[in-house]
Amino acid sequence: MDIPSKYEPQRIEDHWYAYWMDNGFFHSVPDHRESYTIVIPPPNVTGVLHMGHMLNNTIQDVLIRKARLMGKNACWVPGTDHASIATEAKVVAKLKEEGIPKSELSREQFLNYAWEWTHEYGGVILEQLKKLGCSCDWDRTKFTMDDNMSASVIKVFVDLFNKGLIYRGYRMVNWDPEAKTTLSDEEVIYEERQGLLYYLSYAIEGSDENVIIATTRPETILGDTAICINPNDGRYRHLKGKKAIVPICNRVIPIIEDEYVDIEFGTGCLKVTPAHDVNDKALGDKHGLETVDIFNEDASLNSYGLHYAGKDRFVVRKEIARELDEKGFLVKTEKHINKVGTSERTKAVIEPRLSEQWFLKMEELARPAIEAVLETSEVKLFPKKFENTYRHWMENIRDWNISRQLWWGQQIPAFYFGDGQEDFVVAETGEEALNLARKKSGNPSLTLTDLRQDADVFDTWFSSWLWPISVFNGILEPENEDIEYYYPTNDLITGPDILFFWVARMIIAGYEFRDKRPFENVYLTGLVRDGQRRKMSKSLGNSPDALKLIADYGADGVRVGLLLSSPAGNDLLFDEALCQQGKNFANKIWNAFRLVQGWEVSDLPQPEASRLGIDWYSSKFNRTLAEIEDHFSKYRISDALMATYKLVWDDFCSWLLEIVKPAYQQPIDKKSFESVIRLFEGNLKLLHPFMPFLTEEIWQHMKNRAPEEALTVSQWPKEGSVDENLIAGFTFASEVIAGIRTVRKEKNIPMKEELELSLLNEEGVSKDWDVVIKKLTNVSQISYVNAAVDGALSFRVKSNEYFIPITGAVDVEVEKQKINEELKYIKGFLMSVQKKLSNDRFVNNAPAKVIELERKKQADAEAKIETLEKSLASLE
RNA sequence: GGGCUCUUAGCUCAGCUGGUUCAGAGCACCUGCCUUACAAGCAGGGGGUCACUGGUUCGAACCCAGUAGGGCCCACCA
């Protein structure tokens with residue numbers, strides 16, 4: 001046989017991928033067929049493939065390939081995200097390595113570097129997806145900063161501004177002093193850190209009294225503008241209306257009252273620093289306090305920091321604590337664990353900071369998106385449990401801060417023409433802006449050079465929330481053929497970690513800009529974790545190299561490995577052993593193919609066993625097909641795979657092929673051969689979404705096929721009839737076969753030695769399957785008897801008793817013991833059934849169907865006991 | 001602190017919303033086999049008080065309450 005006995009994925013994967021591409025199988029254009037669309041969650045343009053990508057892209061490919069086989073016009077749109085802060089951080093770091101600080105570059109120079117970087121590394125990840133077998137329509141590849149993608153973002157912003165949904169606000173935001181930008185709440189990660197609680201003494205103006213205040217951030221006292229006590233706190237009532245003096249800077253600040261203050265915490269007395277704490281800001285607004293910002297944008301102190309000006313906040317914390325101590329203001333310190341917000345990207349400690357930002361009002365926008373998921377189910381989440389989290393977030397949604405103090409991204413199209421709060425206009429182009437500005441300012445002589453564009457860019461998600469629309473250019477040309485045909489898309493596959501960042505906002509955008517849902521189903525995958533349940537991450541070094549895995553196990557093996565244990569929404573505990581299982585499965589199929597391929601076909605009559613086996617497998621196939629469809633409809637991809645796995649490995653390879661297989665070097669009859677090939681092809685179709693490379697290879701090997709006959713573009717099997725009698729008959733026969741094999745094993749009788757089989761047929765089982773039993777167990781003849789056979793080994797299936805005469809003595813005692821054990825069990829079982837049936841309340845209350853079943857159980861058990869007792873008697 | 005959710009075999013999970021597909025699957029494990037498709041394999045086998053405690057019911061892995069221990073989301077105390 002010239003086909004290697006081991007499947008060698010490396011040999012064929014690139015070949016078939018190129019073949020599919022050359023024939024344009026993944027490319028879609030609108031036509032008369034029903035569309036099936038997936039838009040890829042765009043990975044960061046400079047990213048590399050990690051296990052999370054592998055998992056969710058495999059799932060997407062399974063769905064898209066299945067849809068393609070089902071005759072739909074399948075379109076999977078790939079692309080990448082500019083990921084403003086992540087990419088900018090990388091570029092800054094790279095430039096820093098080269099000795100170029102960002103501060104020395106102009107915006108244009110920096111952007112040149114960033115684009116260079118993007119072109120160099122961008123799209124690496126897309127090439128990696130090809131290795132995995134992803135059947136994306138690469139002609140449609142998009143990048144969130146492509147010209148028309150950016151133009152879409154700008155247009156949407158202007159539109160929302162004109163609708164009155166955008167405003168500028170002086171707000172407390174999460175400031176990343178490292179990246180010198182704002183972060184959204186979602187980009188802040190809270191960490192528990194051991195810190196100190198400093199007890200500071202403030203003098204009361206015009207008295208000898210002091211008040212002690214606890215704080216974790218002594219450096220912020222320079223920004224204090226009030227002290228706050230709880231009006232219900234008797235300890236401080238006498239301070240009402242007095243003033244305190246801030247140590248070191250000696251500012252005189254009012255003592256105010258507010259129930260916000262927790263009497264139990266610290267000393268029950270709070271220093272208020274409106275510029276550097278969200279809650280203090282609220283207090284400040286409420287009580288009309290002054291705001292003193294003591295930080296520069298890199299979180300070093302400004303001139304309000306007095307002699308600490310220019311020093312970093314953490315340095316100042318230590319130094320000021322020392323000074324306070326020396327001057328007698330520091331009463332004591334205590335250890336204290338507090339939660340510190342850190343930047344997801346730069347890990348820097350977040351500084352709450354007041355600044356001018358752009359906001360999008362969300363409450364109104366969110367309404368249709370809430371309805372769609374929670375009321376009308378126009379958009380369905382899988383698994384459903386995420387609807388609760390979704391509800392919670394959406395019903396408490398806050399306005400979205402969409403500006404970022406970065407350069408990499410779409411620059412906000414707001415143009416300032418003066419220094420007043422309202423001296424700006426918003427427009428898609430400079431020309432339009434100029435027109436508007438002339439009108440608004442009443443100054444017709446304004447020129448473009450008088451306009452100053454806002455320096456900030458949009459939050460990345462402000463471009464990706466349009467993704468399902470903008471990839472089809474549906475914002476700029478709302479009625480183009482593509483958007484009308486492909487939108488709404490069908491399924492979205494992504495991780496639950498970006499449910500709010502992305503999924504919820506896409507739903508919002510879908511209704512706002514298209515008045516339609518962006519997709520129907522959202523499949524939320526789990527996170528990929530390692531064996532110790534740790535999240536896979538580069539920093540932990542526990543994430544395997546995706547490409548190496550593919551090299552080691554084959555793309556199909558890795559795909560199967562990933563899917564085998566990843567029910568929707570459950571975390572996937574990744575273990576390379578799973579890929580090994582996938583690889584083994586691929587090899588199994590490969591060898592089944594080798595077997596069939598090696599058969600010599602001849603014009604012989606079809607053996608009865610083969611006919612029966614083939615009919616049985618057809619039924620089994622159809623029944624499993626229905627199960628698989630059911631699993632797919634519920635997005636239970638791993639169950640669909642497992643059903644396929646068992647069908648192919650157990651039913652097809654272990655049973656059918658063994659039934660049909662001709663004796664050594666004997667030819668096979670033509671009819672059986674053709675049937676087996678047809679059934680094999682059916683298997684390949686079921687397998688193809690999971691294992692595209694292997695199945696295409698075998699498919700093409702089996703017959704010479706024209707390109708349009710490729711498996712990738714063939715047709716998913718149609719539902720067929722299921723003969724339950726055949727399946728039941730086979731199941732019974734397989735138990736008989738297992739019984740015979742067990743006897744052989746226990747008695748060490750080699751397969752080569754022929755056996756004879758007799759049976760007491762109490763079940764009234766048909767003799768049809770005798771031919772199959774004979775073939776698979778090397779039984780020469782099966783005879784039907786009326787009484788137990790002496791000196792034979794026996795076993796039972798249901799109420800049938802089977803006898804195998806053997807040469808040499810049968811150990812009667814062992815046989816008796818076995819029968820007695822069975823008797824004991826079945827009698828116990830009968831008792832429990834009888835107990836139920838003699839319970840009047842059971843008989844009166846249980847449904848008739850259940851009672852009938854119990855009666856059948858009783859009858860079966862009694863019959864079996866009779867059989868057992870007879871054979872016991874025959875052994876006496 | 002608020003909300004959601006989970007606990008079934010050594011591991012990862014099913015168990016379709018009380019009753020023979022009720023105790024399952026895959027992997028792992030054990031025992032035989034290099035049987036001419038496949039040792040990446042074949043055949044056979046062992047293994048679970050369904051977290052715990054009560055309750056409802058003729059009947060509970062499944063429903064209710066409580067306990068213990070995980071996980072997720074949101075908010076966040078200076």
Side-chain angles (χ1 to χ4, degrees), chain A residues 1 3 5-7 185 190 197-198 213-217 220 228 260-262 264-273 277-280 336 338-339 341 383 385-393 396 496-497 499-500 527 531 533 553 557 564-567 569-573 575 577-578 580-599 630 634 636 638-639 641-643 645-646 649 653-654 657-658 661 664-665 737-738 741-746 748 750-752 778 833 835-836 839-847 849-851 853-854 856-857 860:
Chain A
M1 195 174 294
I3 307 171
S5 71
K6 301 263 186 281
Y7 170 56
D185 292 342
Y190 285 90
L197 194 56
Y198 300 80
I213 292 165
T215 179
T216 53
R217 303 195 59 191
T220 63
C228 190
Y260 162 76
V261 176
D262 181 354
E264 305 294 321
F265 188 90
T267 60
C269 199
L270 173 73
K271 72 185 204 58
V272 185
T273 322
D277 185 279
V278 186
N279 297 301
D280 289 13
H336 181 249
N338 60 339
K339 282 190 179 169
K385 65 179 178 185
F386 285 108
E387 286 181 8
N388 283 326
T389 349
Y390 181 85
R391 167 184 289 120
H392 194 256
W393 194 77
N396 297 290
D497 48 334
L499 183 60
F500 308 130
L527 293 172
R533 287 199 182 268
Y553 300 99
L564 269 176
S565 95
S566 58
N570 274 14
D571 287 353
L572 168 70
L573 271 61
D575 186 341
L578 292 168
Q580 185 63 46
Q581 194 183 346
K583 185 180 178 181
N584 293 354
F585 185 41
N587 198 53
K588 182 71 188 178
I589 300 165
W590 180 250
N591 276 291
F593 164 64
R594 285 180 69 220
L595 173 68
V596 172
Q597 192 70 3
W599 283 338
D630 184 53
K634 292 167 182 157
R636 296 157 64 136
S638 55
D639 289 330
L641 171 57
M642 187 45 72
Y645 180 93
K646 286 195 275 194
W649 197 313
C653 293
S654 296
L657 291 182
E658 293 301 330
K661 190 158 112 180
Y664 182 53
Q665 292 201 329
I737 291 166
R741 284 171 174 168
T742 307
V743 168
R744 275 192 189 277
K745 168 113 201 265
E746 282 174 355
N748 246 322
M751 183 62 183
K752 280 176 185 156
N778 196 17
V833 174
K835 199 175 144 198
K836 257 193 218 178
N839 181 338
D840 283 345
R841 283 190 295 186
F842 171 73
V843 179
N844 293 334
N845 292 321
K849 217 173 165 184
V850 173
I851 296 172
L853 265 170
E854 290 299 318
K856 175 144 196 328
K857 279 200 246 176
D860 288 350

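Below, each value reflects all heavy atoms present in this structure, side chains not excepted, and no hydrogens, waters or symmetry copies. Chain letters run A, B, ... following the sequence lines, proteins first, then strands; residues in each count from 1.
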Q) Atom OH of A:Y7 and atom C1' of B:rC38: how far apart are they, to the nearest Å? A) 15 Å
Q: Would you mind telling me which of B:rA37, B:rG19, B:rA40 lies closest to the side-chain atoms of A:A592?
A: B:rA37
Q | A:K661 side, atom NZ; A:L595 side, atom CG - distance, nearest 0.5 Å | A | 6.0 Å
(Q) Here's a test of your reading of the structure: between A:K646 and A:R741, which maps to the more 5' nucleotide of RNA chain B? (A) A:K646
Q. Looking at the angle O4'-C1'-N9-C4 for a purine or O4'-C1'-N1-C2 for a pyrimidine, is B:rU21 syn or anti, with syn meaning within 90° of 0?
A. syn
Q. What integer distance in Å separates A:N845:CG from B:rG59:C1'?
A. 10 Å
Q. Less than 4.5 Å apart, any side-chain heavy atom of A:N778 and any of A:R744?
A. yes
Q.
With rounding to the closest Å, how many angstrom separate the P atoms on B:rC29 and B:rA40?
A. 13 Å
(Q) It should be established whether A:W649 places a side-chain nitrogen or oxygen under 4.0 Å from OP1 or OP2 of nucleotide B:rA25. (A) no
Q: Pull up the glycosidic torsion of B:rU5 and say syn or anti, syn being anything within 90° of 0.
A: anti
Q: Look at A:N279 and B:rC77 and indicate whether a side-chain polar atom (N or O) is within less than 4.0 Å of OP1 or OP2.
A: yes
Q: Determine whether A:F386 and A:R391 make a side-chain contact, defined as any pair of heavy atoms from C-beta on separated by less than 4.5 Å.
A: no
Q. When rounded to the nearest Å, what value does the distance between C1' atoms of B:rU7 and B:rU67 take?
A. 13 Å
**Q.** A:Q580 side chain, from C-beta outward: closest of B:rC77, B:rA40, B:rG26
**A.** B:rA40
Q. Which sits closer to the 5' end of RNA chain B, A:C653 or A:V850, going by the nucleotide each is nearest to?
A. A:V850
Q. With under 30° as parallel and over 60° as perpendicular, where do the rings of A:F500 and A:W393 fit, or are they tilted in between?
A. parallel
Q | Nucleotide nearest A:F500 (side chain, heavy atoms from C-beta), chosen from B:rC58, B:rC27, B:rC73 | A | B:rC73
Q.
Under 4.0 Å, counting only non-hydrogen atoms across every strand here, what does A:N388 touch: a base, just sugar-phosphate, or nothing?
A. sugar-phosphate
Q: Please report, rounded to the nearest Å, how far the C1' atom of B:rG59 is from the CG atom of A:D840.
A: 15 Å
**Q.** Check: A:E658 side chain, B:rA37 base, donor-acceptor under 3.5 Å
**A.** yes
(Q) Side-chain N or O of A:R636 versus OP1/OP2 of B:rA25: is the shortest distance under 4.0 Å? (A) no
Q.
Please confirm whether the shortest side-chain N or O distance from A:N584 to OP1 or OP2 of B:rG41 is below 4.0 Å.
A. yes
Q: Calculate the interatomic distance between A:R594 atom CZ and B:rA40 atom C1'; express it in whole Å.
A: 13 Å
Q. The side chain of A:V261 lies closest to which of these nucleotides: B:rG19, B:rA37, B:rA78?
A. B:rA78
Q | A:N591 side chain to A:R594 side chain, donor-acceptor N/O pair below 3.5 angstrom | A | yes
Q.
Under 4.0 Å, counting only non-hydrogen atoms across every strand here, what does A:K6 touch: a base, just sugar-phosphate, or nothing?
A. base
Q: Round to the nearest Å and state the distance from A:R744 atom CZ to B:rU31 atom C1'.
A: 18 Å
Q. With under 30° as parallel and over 60° as perpendicular, where do the rings of A:Y7 and A:W590 fit, or are they tilted in between?
A. tilted
Q) Just to confirm, is there a sub-4.0 Å distance from OP1 or OP2 of B:rC27 to any side-chain nitrogen or oxygen of A:Y645? A) yes
Q: Decide yes or no for A:C269 and A:I213: does some side-chain heavy atom of the first lie under 4.5 Å from some side-chain heavy atom of the second?
A: yes
Q) Can you find a side chain N or O atom of A:K836 that sits less than 4.0 Å from OP1 or OP2 on B:rC58? A) no
Q: Could you tell me whether A:K857 contacts a base, only the sugar-phosphate backbone, or nothing, with contacts defined as non-hydrogen atoms closer than 4.0 Å?
A: base
Q | Inter-nucleotide P distance (B:rG47, B:rU5), Å rounded | A | 36 Å
**Q.** For atom CZ of A:R841 and atom C1' of B:rU56, their distance in whole Å
**A.** 13 Å
Q: Look at the side chain of A:K745 and the base of B:rU31, then say whether one donor and one acceptor between them are separated by less than 3.5 Å.
A: yes
Q. Within a strict 4.5 Å, meaning less than it, do heavy atoms of the A:K857 and A:K836 side chains meet?
A. yes
**Q.** Same-atom distance (P) from B:rC4 to B:rA9, integer angstrom
**A.** 27 Å
Q.
Students often get this wrong, so: under 4.0 angstrom with heavy atoms, is A:A586 touching a base, only sugar-phosphate, or nothing?
A. nothing
Q | Rounded distance in Å between the P positions of B:rG70 and B:rG32 | A | 43 Å
**Q.** P gap between B:rC13 and B:rU17, integer Å
**A.** 23 Å
Q: Using whole Å, report how far CG of A:L578 lies from P of B:rC11.
A: 15 Å
(Q) Identify the stems formed by RNA chain B, where each pair is Watson-Crick or G-U wobble with both distances under 3.5 angstrom and a stem is at least 3 consecutive pairs. (A) B:1-7 with B:68-74, B:10-13 with B:24-27, B:29-33 with B:41-45, B:51-55 with B:63-67
Q) Looking at the side chain of A:S654, which of B:rA43, B:rG44, B:rC73 is the nearest nucleotide? A) B:rA43
Q.
What I'd like to find out is whether the side chain of A:L197 reaches to under 4.5 Å of the side chain of A:T215, using heavy atoms alone.
A. no
(Q) Within the structure provided, determine whether A:E854 and A:F842 are in side-chain contact (heavy-atom separation under 4.5 Å). (A) yes
Q | Atom-to-atom span, NZ of A:K588 to P of B:rC38 - whole angstrom | A | 10 Å
Q) Considering only the C1' atoms, how many Å lie between B:rC6 and B:rA61, rounded to the nearest integer? A) 14 Å
**Q.** Side chain to side chain, A:K271 and A:T220, heavy atoms closer than 4.5 Å
**A.** yes
Q) A:M751 near the nucleic acid: base, sugar-phosphate alone, or nothing, with a heavy-atom cut-off under 4.0 Å? A) nothing
**Q.** B:rC76 to B:rC27 separation - C1' atoms, rounded to the nearest Å
**A.** 44 Å
